[in-house]
Structures are given as structure tokens and as C-alpha cells.
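Chain letters run A, B, ... following the sequence lines, proteins first, then strands; residues in each count from 1. As the structure is a prediction and not an experimental result, all values here were calculated from the model.
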Amino acid sequence: MTLRRLLPIALVLLVQVAPLLWLANTAIRPERGILIADSLRLDEPVTLDNFKGLSTTSFYSWLVTSLTLATFASATATVTGHLFAFGCLISRKPLWRSVRSLALAAYLIPAMFLVFPVQLLYQMSGIRIAAIALVIVHQLFLFPVSVWLASSYLDRIPVGYVSLGIIDNLTPAEYWSLLYWPFAREALKVTFAVTFVLSYQEYIYSFVLTSSSSFITIPVGMASLQAGDVYQWALIGAGGVVTTIVSAVIVATLSRTLEKGIERSVTANG
Amino acid sequence: MTTTTAAREHQRDRRRSLLLFLLAPGAAFVVAVGFLLALAVWEIWVEPSAHRTSTLSATLRDPDFWWTLERTALFAALVVPLKWALALPLARIIRTAPEKLRWAFILPWVIPPGVATLAWFWLFYDVGGGANLVLAKFGVESRAWLGTPRSAFFICAALNVWREVPLWATAMAPSISGFGGPLEHMAKLDGLSQRERRRLLVRPRLAPLFWALCLLSLIWSIGEFETVWLLTRGGPGNATEFLSVYAFRHAFLSQILGRGAAAYLVALPFVAVSIVAVLTMYSSAVERART
């Protein structure tokens, strides 16, 4: 790779990660004197104390909560979205296509608008929002995405195959193995990857609805380190670095799948 | 004959059961969302505001609401074209980058917005923030980046663009992979200029994608909450109080849930018009791309 090709890549990556690098620099410097205004503090010794300091907060439990919630929420959305998209395909009735369009249109409703009735239900029912409830609430924005992605793959199944399946009176297992699985293998990975990322980053529902201090997600927890007039910059930096590393691992592992998912989600069904 | 009829009935029942199983999640979802929307509208009608007027009319009469709507529209009108302008060059760069490195470009979108926002908050913090340190190195006086209405607004916009441009570029990168390939080669052989090749090959291919990304970006910009809330809390003054922050402030800080929902209900016609306009452009772009 020539320098001419490498230079724009390096410059763009620098702009992309500059704020994160700034946070990372804070994370590895001592807490003392962190607001010195005349130095980038590059000459100060590197320390990992701030990462150890994270264990004095509930940061690691927030991380586990976020990852667990994202896993279950995205798995639920993937399964239900695929079931529904496949059902719409083999049903062939216009009614279910309309229901599918309504489900997709639900994604256009801003999350901040839906959080009001959800909060109202919470107040009226007196039920404390628990993990399962949050997994269900996440479906409000994950299910349409899952249906959208699943449809983009399953709509490639030739209509004739579906008709032949009806004529041949396929059993459910045969529908699954002969019609669904060959087209859905990649779709499942893509749907899970995209919905996982969306659920992992979700903030509004967790912020508004989480009443139990034992069930706080990363986005909400990190924001709490910024509470009031006291900014624990070193801890924020360390927490930011750990969260970024986790996100980087996720995206590096799922990179090809995410790329396909993003491309499909904006070009599908068009 | 009876056995065949019975067998056919059994197979029909089995297929009906299968369809019921498959379609139930979608039906339940649509019913649930419909119920939630009805509940939101009911909340608007039954909950009076503190001044004994209806929640809806309180919102309509609140001048702050209309300024908020205008600010949100300006925000969306600023960030969407910026994303388009930056995404295409970035998509080209992503295509030329080594495959093992491509994941790094999408990192700003993948990390939780709260973490990204805190990084920007620290970058533009008044004392010790990175931006002011860079200015100090060049002998320029420090600025209250997030304390000045105009700069706070543009920093919110810049953060929004910084987060979403990688998404746009990643979505566009595969679509531009054909450029420079056999089709482009044939176009060159036919004597088409670069401008003509761009008009006839590039734009029709990218137009549907552009409008789809516009729609997503419009929805996300209108609903932008986390980054703005963590960066500025809607301030300074209310310079960055967009629709979602306004709704949140009234619903949860003033404890009038109906006011929050009413804000979106009043904004709905304006938002709907924008969405319909973008969807119309998307459909016609898809038709043109097909032909």
C-alpha cells in the first residue's frame, strides 16, 4: 500500500478516533491535577489505577448488564422478526403484508414519544421494571429492524417455491429446512449483529424506566459518573476506554456481518 | 374419498397452525404499539397542565415549543446534507482501506452514544479540555465551547455527524464498488466525460441509498436525545433544546407526562410531511434506478 493511499486513511481514522484518544489519554494519567490547563500531560507517568478504580463503582456490573440485556433482546428480536417475516412470505395474504408495513412504520415513531406511555403503564401498574420487561421494551425498536432485515433476505425466496410448498403440503419442519434455512442462514447473523449493537447502545428506555439500581446499563451508568458539578474524569476516561474496547471487539468480530446488515437495511425492499 | 378429504383438512389445519405461530409476534407487536399510541393520546387529553388549560393547548401556546421546533428543523437541515457531503469521500476511502482495518471506521457509531458524548464533552470542556489546550498551544485564548449558544449548537451537530457519517459511508461503500469496473470502462470507451459518468452511472445507483439514509437520519435527528442531554442538557439557555429534550423536560422533570407526548403530537404534521416527502423521493429514485 502506497503512502498516497495510506495518508487519507490514516487522517480519517485520526479524526474518527480523536475524541476517544483524548479520553484514553485521560484514563492512563493520574487523577491528581487532571484539570491542568497548560499541559497535555504526555510527560506524566502512565498508570492503570483508574481502571482499578472502576471496580469501586458498579461499572463492571453495568457492562455485564448491558451485554446480557443486548444478547437477550437481540436474540428475541431476531427470532420473532424472522418468524413473522417468514410467515408473511408463506401466507401470501395482502393483510399480512400490510401488518408488516405497519410493524416497519413503528420504527419511524421516535423512542422519546413511546417512552411516555410505557412510563405511564409502569406508574399505573406499580410493577418495578425488571430485566425481562426491559427486553420486551427493547422490542419496540428492535423488532421492526429485525423484520426489515429478515424480509430483505427472505423476499428473495421465489414465489414459485412457496406455491410448490403449499401444493406439496410441506410439514412445518420441511418449510423450515427447504424454504427458510437456505436463505436465512446469513440473515440470522446479520439481524443478530445489527440488533445487538442497537440494543447495546440504547439509552432512553434504560434511563427513564430503570428503577432498580442493580439493573443499570453502560450508557446510563457512564452518564451517572458525570452527575452534578463533580466530574470524575479519570473514571469516565477509564470506563470509556473499556466500553470502547468491548465495542471494538464486537465490531471487529462482526465487521463483515455488520457491513452487510447496514447495507441491506438501507437498500432492502427497494 | 373421505380419507383424502380428512387428510386435506388435517394438512390445512396444520398449515393454519404454522401460520398462526409465525404471524403471532407481528400481530402482537402492532397491537402493542397501537395500544401505546392510544395511551399516549389519552394521556394528552386527560392530563391538564399546571395552569388548568388542556395539555395540548398549553403546548400550542408555549412560544418555547415553536422555537424548539424551529431549532430541531434547523438541526436536521444542517446535519443531513453534511452527512451526505462527507459520507461519499469516506465511502471511497473505506473501499480502499485494508479489509482488516475497515471495522475501525464504524467505531464511532458502535460505541454507546453516552461514551462518545462524554469524550466530546471532555474534549470541549472549558478547563483542561482538548480543544482549549490546542488553542493554547497556538497562543489563542480559550473559549467556552459549550457555554456559548452558537458553538454549543454546532458542536451538537458535529457530534451527530461524527457518529453517523461512518454508518452512511459503510452503507454506501458496497454500492460504489462497481465504479471503476467494467461499466465505467465501457463508459470511458464510449467517450463519456467524468461528469457524464457521474450523472449516468453514479447518481442513479446512489440515489435510493441516499434517500433511505436521509429518512433514517431525519428520524434519528428529530429523536436525538442522549447526546444533546449529556453534552449540554439543552443549554446554554435553550440553544440546544431540541424536540426530544423539550419533551423530556416537561414530561419527567416537570412531571407532566402529557406535555411531553403533546409536544410530539403537535410536531407530528411537520414531521409527517418531511417523512412523506423523503419517502416519495426514495420511491421515485428506486423506480429510476430500476429503469
Side-chain angles (χ1 to χ4, degrees), chain A residues 5 8-9 12-13 16 19-20 22-23 26 34-38 40 80 83-84 86-87 91 96 99-100 102-103 106 108 110-114 116-120 143 169 172 197 201 203-204 208 218-219 222-223 226 233 236 240 243-244 247-248 250-252 255 259 262-263 266-267 270, chain B residues 11 18-19 22-23 25-27 29-30 33 36 39-40 43 90 93 96-97 102-108 110-116 118-120 122-123 127-128 130 133 136 166-167 170-171 174 208-209 212-213 216 219 222-223 225-226 230 244 247-248 251-252 257 260-261 264 275 286:
Chain A
R5 258 178 83 183
I9 293 171
V12 165
L13 277 177
Q16 298 276 85
L20 304 172
W22 178 249
L23 204 62
T26 307
I34 205 161
L35 292 179
I36 295 171
D38 59 353
L40 281 171
T80 53
L83 285 177
F84 180 61
F86 189 52
S91 153
W96 291 107
V99 173
R100 188 179 75 171
L102 283 175
L108 301 179
M112 184 53 80
F113 185 65
L114 287 177
F116 302 126
V118 174
Q119 171 74 349
L120 185 64
F143 183 79
N169 287 310
V197 168
Q201 342 168 300
Y203 177 77
I204 292 174
V208 171
I218 275 282
M222 285 294 294
Q226 193 204 6
W233 288 119
I236 290 172
T243 311
T244 304
S247 302
I250 293 169
V251 79
S255 157
E259 275 179 40
I262 292 165
E263 189 211 343
V266 290
T267 58
Chain B
Q11 279 152 1
L18 172 66
L19 278 175
L22 294 175
L23 296 169
F29 177 81
V30 169
V33 172
L36 289 175
L39 197 58
E43 176 63 12
L90 182 58
I93 290 172
T96 59
R102 283 189 198 160
W103 62 269
F105 290 95
I106 204 172
L107 201 55
V110 174
I111 60 173
V115 174
L118 287 172
W120 276 65
W122 181 215
L123 198 59
V127 181
L133 289 182
L167 181 70
T170 305
L209 190 56
L213 289 167
L216 281 177
I219 296 159
I222 290 167
F225 172 73
E226 182 178 357
L230 291 176
S244 53
F248 177 82
F252 296 107
L257 275 181
Y264 275 100
I275 289 175
V286 166

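- Rounded to the nearest 0.5 Å, atoms OG1 (A:Thr243) and CD1 (A:Ile236) are 11.5 Å apart.
- When heavy atoms are compared at a cutoff of 4.5 Å, B:Ile275 approaches chain A solely by way of its side chain, counted from C-beta outward.
- With a threshold of 4.5 angstrom between heavy atoms, B:Phe225 approaches chain A through side-chain atoms but not through N, CA, C or O.
- Looking only at heavy-atom pairs under 4.5 Å with chain B, the residue among A:Leu102, A:Val99, A:Leu108 that has the most is A:Leu108.
- Considering only heavy-atom pairs separated by less than 4.5 Å from chain B, the leading option among A:Gly240, A:Ala252, A:Pro219 is A:Ala252.
- Chain B forms more heavy-atom pairs under 4.5 Å with one residue of A:Thr244, A:Leu120, A:Ile204 than with any other, namely A:Leu120.
- Under a 3.5 Å cut-off, the side chain of A:Gln201 and the backbone N or O of B:Pro113 do not form any donor-acceptor pair.
- Across B:Ala104 and A:Leu13, no two heavy atoms sit closer than the pair CB-CD2, 3.7 Å.
- Residues A:Pro19 and B:Trp120 share a closest heavy-atom pair of CG-NE1, 3.3 Å.
- Contact between B:Leu230 and B:Gly114 at its shortest, heavy atoms only, is CD1-CA, 3.5 Å.
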Report task. List the steps, then state whether side-chain contact (heavy atoms from CB on, under 4.5 Å) holds for B:Thr170 with B:Phe105. Result -> CA-CA 8 Å; B:Thr170 305; B:Phe105 290 95; 5.5 Å; no

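- Heavy-atom distances place both the backbone and the side chain of B:Leu123 under 4.5 Å from chain A.
- The part of A:Ile218 that comes within reach of chain B is its side chain, from C-beta onward, which places non-hydrogen atoms under 4.5 angstrom from that chain.
- Counting heavy-atom pairs closer than 4.5 Å to chain B, the top residue among A:Ala106, A:Ala103, A:Ala248, A:Pro117 is A:Pro117.
- Chosen from B:Leu36, B:Leu18, B:Ile219, B:Val115, the residue pairing most often with chain A at heavy-atom distances under 4.5 Å is B:Leu36.
- Pairing each heavy atom of B:Ile222 with each of B:Tyr264, the nearest pair is O-OH, 4.1 Å.
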